[in-house]
J.: 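Can you read through this structure? Questions will come right after.
In each ligand, atom 1 is the first atom listed, and ligand 1 is the first ligand listed. From a predicted model like this one, the values you see are computed outputs, not experimental measurements.
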Amino acid sequence: MSRTTRLVLHGGAGAAATRDDKRTCAHLSALGSRCEAMLTGGAAALDVVACAVAEMEASGLYIAGRGSRPNCEGDFEMDAAIMDGTTRRAGAVACVRRAFSPIGLALRVMQDTPHVLLAGDGADRFACKLGLRTIGRPAEYFVALPAADEEGSMHGTVGAVAIDLSGALAAATSTGGTSGKLVGRIGDSALIGAGTWADEAVAVSCTGVGEYFIRAAAAHEVAARIRLARMPLGQAVDEVLAAIAADGGAGGIIAVSARGEAVARWNTPGMKHYLAETGERRHLPDN
Ligand code: ASP
């Protein structure tokens with residue numbers, strides 16, 4: 001049994017240094033504390049990351065769930081993925097329009113189907129079939145953020161990674177994607193190994209311009225460095241972000257390892273995040 005728990009949350013790497021993110025920071029801080037208490041109280045990492053991401057989706061404070069941005073035709077299409085490091089089981093949804101909680105639906109894909117990824121209409125129909133809460137009127141559901149908030153907020157994907165008392169790791173990511181994206185565009189968040197990954201050694205969630213993270217297989221690259229090169233987690237994350245930057249991409253990565261490391265790194269002006277290391281320190285966004 002591992003004695004310590006680790007938790008990191010992110011709310012997107014699009015934070016601008018000048019932007020007032022007080023409400024989001026307060027939300028992240030309160031949510032992080034609650035999730036940390038769940039972990040120290042014995043909750044499973046998988047349940048904690050699912051719960052954290054579902055709450056961020058429902059808050060409307062991030063570009064995920066309620067806060068999603070419209071695509072180029074004014075519709076909302078959301079992506080999400082979750083992975084259980086112990087079993088390597090994973091569930092994901094892409095381009096969903098009706099699911100109230102894309103991460104909740106991704107979890108059900110993992111638990112209730114033999115598949116990993118459901119997309120579009122099929123995923124929405126699966127949500128209805130399960131009797132999950134769906135969005136009735138999109139225009140009333142989605143929160144239109146004030147124009148001032150749009151600035152510097154291109155990336156507001158949410159993610160959570162955790163290790164629980166038993167040593168199990170899990171990762172979850174959810175997004176409304178990038179503003180003005182083409183209809184049907186799927187980013188890295190929904191793709192296992194690109195924006196989301198968990199195995200027995202590490203759990204990873206990414207945010208940023210998804211196309212770069214997909215081409216880098218970013219989340220899995222972090223895991224590969226841990227497994228094959230036995231690299232410290234911070235170095236592994238830094239190397240992957242450096243490769244993305246060299247390709248012209250920008251974003252951030254959060255990760256926790258079975259060795260007890262917890263990391264939040266970004267190559268944008270800022271990343272909204274919460275990093276808790278039980279009994280050691282708390283860290284809130286620096287923007
Ligand atoms: N990675 C997300 C996507 O490309 C966007 C983000 O992280 O803000 O869909």
J.: Would you say G156 contacts ligand 1, with heavy atoms under 4.0 Å as the rule?
T.: yes
J.: Could you tell me whether R97 sits above the aromatic face of F76, with NZ or CZ closer than 6.0 angstrom to the six-membered ring centre and within 45 degrees of the axis?
T.: no
J.: Below 4.0 Å from any atom of ligand 1, is there a heavy atom belonging to G177?
T.: yes
J.: Is T178 in polar range of ligand 1, meaning some N or O pair under 3.5 Å apart?
T.: no
J.: Counting heavy atoms only, name the option from R185, R69, K181 that's nearest to atom 4 (O) of ligand 1.
T.: R185
J.: Is there a donor-acceptor pair under 3.5 Å between the side chain of D188 and the backbone N or O of F213?
T.: no
J.: What atoms of ligand 1 come within less than 4.0 Å of a heavy atom belonging to T207?
T.: 6 (C), 7 (O), 8 (O)
J.: Give a yes or no on whether I214 and L117 share a hydrophobic cluster (residues Ile, Leu, Val, Met, Phe, Trp, Tyr; joining criterion: side-chain heavy atoms under 4.5 Å apart).
T.: yes
J.: Can you pull out every side-chain hydrogen bond (donor to acceptor under 3.5 Å, both in side chains) where at least one residue sits in residues 231-252? Sequence neighbours excluded, please.
T.: R215-D247, R225-E239, Q235-E239, D238-R265
J.: Using a strict threshold of under 4.0 Å (side-chain N to carboxylate O), is an ion pair present between R34 and E55?
T.: yes
J.: Is there a donor-acceptor contact under 3.5 Å from the side chain of K181 to the main chain of E77?
T.: yes
J.: So, is D79 polar-close to ligand 1, with some N/O to N/O distance under 3.5 Å?
T.: no
J.: Before signing off on this row, confirm whether G208 and ligand 1 have an N or O atom pair separated by under 3.5 Å.
T.: yes
J.: Considering only heavy atoms of G187, which atoms of ligand 1 have at least one such atom less than 4.0 Å away?
T.: 9 (O)
J.: Can I63 be said to touch ligand 1, with heavy atoms closer than 4.0 Å?
T.: no
J.: Which ligand 1 atoms, with their elements, are less than 4.0 angstrom from a heavy-atom of D188?
T.: 1 (N), 2 (C), 3 (C), 4 (O)
J.: Give yes or no for whether the N/O distance cutoff of 3.5 Å, strictly under, is met between G210 and ligand 1.
T.: yes
J.: Are the aromatic ring centres of H10 and W266 under 6.0 angstrom apart?
T.: no
J.: For the pair T196 (side chain) and A172 (backbone), establish whether a donor and an acceptor sit closer than 3.5 Å, ignoring hydrogens and angles.
T.: no
